[in-house]
Structures are given as C-alpha cells and as structure tokens.
Amino acid sequence: MAADTGEFSVSASFAFVRLFMLWHLLLRWYSRFKREREFAQMNISVSEEIFSRLQSACEQKSKALPDLAAEAGIALSSIYRWRSGSKPRRKNIDELASRLGINANWLETGEGQMNSIKRESFSNARILGPVDEIFAGTVPVVSWAHAGSATSYEELPAHWQERIPTLCRGKRAFGLIVEGDSMEPKCEPNDVVIVDPDEELRNGCLVVAKLKNDGVVLRRFTRLESERIKLIPYNQIYPSVEYSLKEFHWIYPVHSSFRRELL
C-alpha cells in the first residue's frame, strides 16, 4: 500500500512538472505572438501614414498617383501595398518626394514641412531639393567636357574641381556641371547634377551616359528588350533615341540636382 502511494506521488509530481512546462511554453508562445502582432500593426500604421501623406501631397500638387509612379519608375502596385503594411524602400520615398518637389523626411516620418525650401543659398550653389534635412557630406565636381573624355569612373578623379554639399551617401558620387538645353526645364545649363554610379538604374530615372562614339548626354532612362534602352530628353525639340547598351562606356543614375549662382 505504501509503495502504491509512493508511485502515485511520483507520477503526480511528473504530471505537475509536465503541465507546468506546457503552461510555460504556451505563455512564451502567447507573449511572442502578441509582440509580433503589435509590431505588425505598428508597421501597417506607419506604412498607411506614408501612403496617406503621399496621397495628400499628390492632391495638393495636382498630380495623379499612377502618373507619379510611372515617372518615378516605381510599380503602382508596390505603392498600394503600403496600405497593407508593406514597408516602403527609402530610395522610392526619395524618388517620389523629388518628383513632387516635397520634403522626403516629411513623407517618411511626417516631421517638418511638406514643401521643400527651394533655392536656399549654400556657398556658391543653390539647392533644388529639401534643405531642412542634414547634408550627408560633400562630393567633388567635374566639368561636362572632362566627363565626356572619361571612358570609366577611374579616369574622373584627375579632373575633380570644387566640392559641393549633398544628401547623397554614395561613396563614388560626384557632381557634373550641366551643359546644353536638352533637359530644360528639369535641368538648365550650369546646374549641377549629383551622379551616383552605385545606384540602381530604374525606368524613368534621370541618367548621365557616356557614348563610345560621342560625348556625355543627360536623359531620362527607359530599359527596353534585348539589351536595348531608350534615352528621352525633356526638351521636346530633341528626339528620343534607342541604343544598345554596348554603345556606352558608362551610364550613371542622377541622385539630385543643384541650381548654381551665375556669378
């Protein structure tokens, strides 16, 4: 009888331990599930707020969202997914803000003013983008002619001139002084475009390209099939031209632009 009682006591103890461990595991699972749910809801809320601010900015700028997405080279469906919690990529936020002429930091966080402060003086340059953000640093500037003689990035540093402030964080970024009127009114002669060789080429983005049988061109980029692209000017007196990628030494995306003072 005593042996039976002892065995029952041991069995009851093991059962209690197993129940305690199960309860502990369930509690940990519930806590993890609760945290993940709260985190997901927070992400959805943040993404929804960005989408809402983008819609508001489009309304104020009289710009249709599908048209803006096409100009920025961003799939409209990916923008609509922001409403369900898909996290926007920072470079997409920057591109959309640049196209609308608004403050990218406001679009992402809601902080600061919506509209960019334009033509703010900084040394001998005037910035055309948001100036209430912190500059990432400075980049060297090269002339149009020197860029046109360079067949690779490695040949450019020999012709660096002044340095100007920029929000671009690209390690190989540089400024290029614009010549010609093919991109007016987007870019005017003597403006400076900030070029980032390490940035991804996207449909609709502005690029600086060095042709093998010609100089440098500043155009809007569109990728076609079979290793072919189309370069499109803003100024309608110039034609859009299709090329093979083999016709170029290099093609670099434009990050932003400056309006220089004509001293």
Side-chain angles (χ1 to χ4, degrees), residues 50-76 78-79 82 87-120 122 125-139 164-170 173-178 182-188 191-209 218-223 231-235 251-260:
I50 294 174
F51 181 82
S52 178
R53 284 191 290 272
L54 180 62
Q55 279 191 314
S56 176
C58 285
E59 291 174 1
Q60 293 192 40
K61 300 291 183 177
S62 300
K63 188 76 170 181
L65 184 55
D67 293 340
L68 175 65
E71 291 177 7
I74 302 171
L76 182 62
S78 69
I79 296 177
W82 297 356
K87 185 178 179 180
R89 301 174 70 178
R90 174 67 200 201
K91 67 177 184 180
N92 288 346
I93 291 176
D94 289 342
E95 182 66 26
L96 292 169
S98 176
R99 296 280 176 174
L100 284 172
I102 63 174
N103 182 352
N105 187 57
W106 172 85
L107 180 57
E108 183 176 31
T109 67
E111 298 176 357
Q113 299 296 317
M114 182 189 81
N115 290 314
S116 302
I117 305 173
K118 297 182 182 290
R119 301 185 65 85
E120 179 74 10
F122 192 100
R126 291 186 183 272
I127 187 170
L128 297 182
V131 298
D132 48 352
E133 298 183 23
I134 300 174
F135 287 117
T138 61
V139 294
I164 59 174
T166 179
L167 300 174
C168 181
R169 298 183 182 277
F174 63 93
L176 177 63
I177 303 172
V178 176
S182 63
M183 295 305 287
E184 288 185 343
K186 178 73 173 179
C187 295
E188 299 178 4
D191 282 359
V192 176
V193 291
I194 307 300
V195 180
D196 187 356
D198 300 320
E199 184 67 30
E200 178 186 358
L201 287 170
R202 305 184 308 278
N203 283 340
C205 74
L206 205 61
V207 299
V208 173
L218 177 64
R219 295 289 191 273
R220 192 152 51 89
F221 173 89
T222 299
R223 191 183 298 276
L231 296 184
I232 307 168
Y234 276 92
N235 193 331
I251 305 175
Y252 297 150
V254 171
H255 174 273
S256 54
S257 61
F258 282 75
R259 177 67 37 79
R260 293 167 57 90

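Just the heavy atoms: all of them, side chains too, but no hydrogens, waters or symmetry mates, feed the values below.
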Notebook entry, point to check: Does some side-chain heavy atom of K61 sit less than 4.5 Å from a side-chain heavy atom of L68?
Noted result: no
Check: Would you say L231 and I251 make side-chain contact, with heavy atoms under 4.5 Å?
Finding: no
Next item on the list: Could you please spell out the steps behind the side chain to side chain contact (heavy atoms under 4.5 Å, CB included) verdict for F221 and N203?
Entry: CA-CA 6 Å; F221 173 89; N203 283 340; 4.2 Å; yes
Note to self: Tell me the closest heavy-atom pair linking P253 and E200, and the distance in Å.
What the structure shows: CG-O, 3.8 Å
Notebook entry, point to check: Is the shortest heavy-atom distance from the side chain of N92 to the side chain of I79 under 4.5 Å?
Noted result: no
Next item on the list: To the nearest 0.5 angstrom, please state how far the NE2 atom of H255 sits from the CG atom of D198.
Entry: 12.0 Å
Check: Which heavy-atom pair separates D196 from C168 by the least distance, and what is that distance?
Finding: OD2-SG, 3.8 Å
Next item on the list: May I ask you to test the L218-L176 pair for a side-chain heavy-atom distance under 4.5 Å?
Entry: no
Check: Is P88 close to F51 at the side-chain level, that is, under 4.5 Å between some pair of heavy atoms?
Finding: no
Next item on the list: Can you see which heavy atom on A72 is nearest to which on L96, and at what distance?
Entry: CB-CD2, 4.0 Å
Checklist line | For P197 against F174, the heavy-atom pair lying closest together | finding: CG-CE2, 4.0 Å
Notebook entry, point to check: Closest approach of L206 and R220, non-hydrogen atoms and distance?
Noted result: CD1-N, 4.2 Å
Check: Got a sec, which residues hit salt bridge (Lys or Arg N to Asp or Glu O under 4.0 Å) with R202, two or more places apart in sequence or on another chain?
Finding: E95, E199
Margin query: Using every non-hydrogen atom in the two residues, find where A97 and N103 come nearest and quote the distance to one decimal.
Written below: CB-C, 4.3 Å
Check: So among L167, V195, T166, which one has a side-chain contact (heavy atoms from CB on, under 4.5 Å) with S256?
Finding: T166
Margin query: In the structure I gave you, are the side-chain heavy atoms of W82 and L54 within less than 4.5 Å of one another anywhere?
Written below: yes
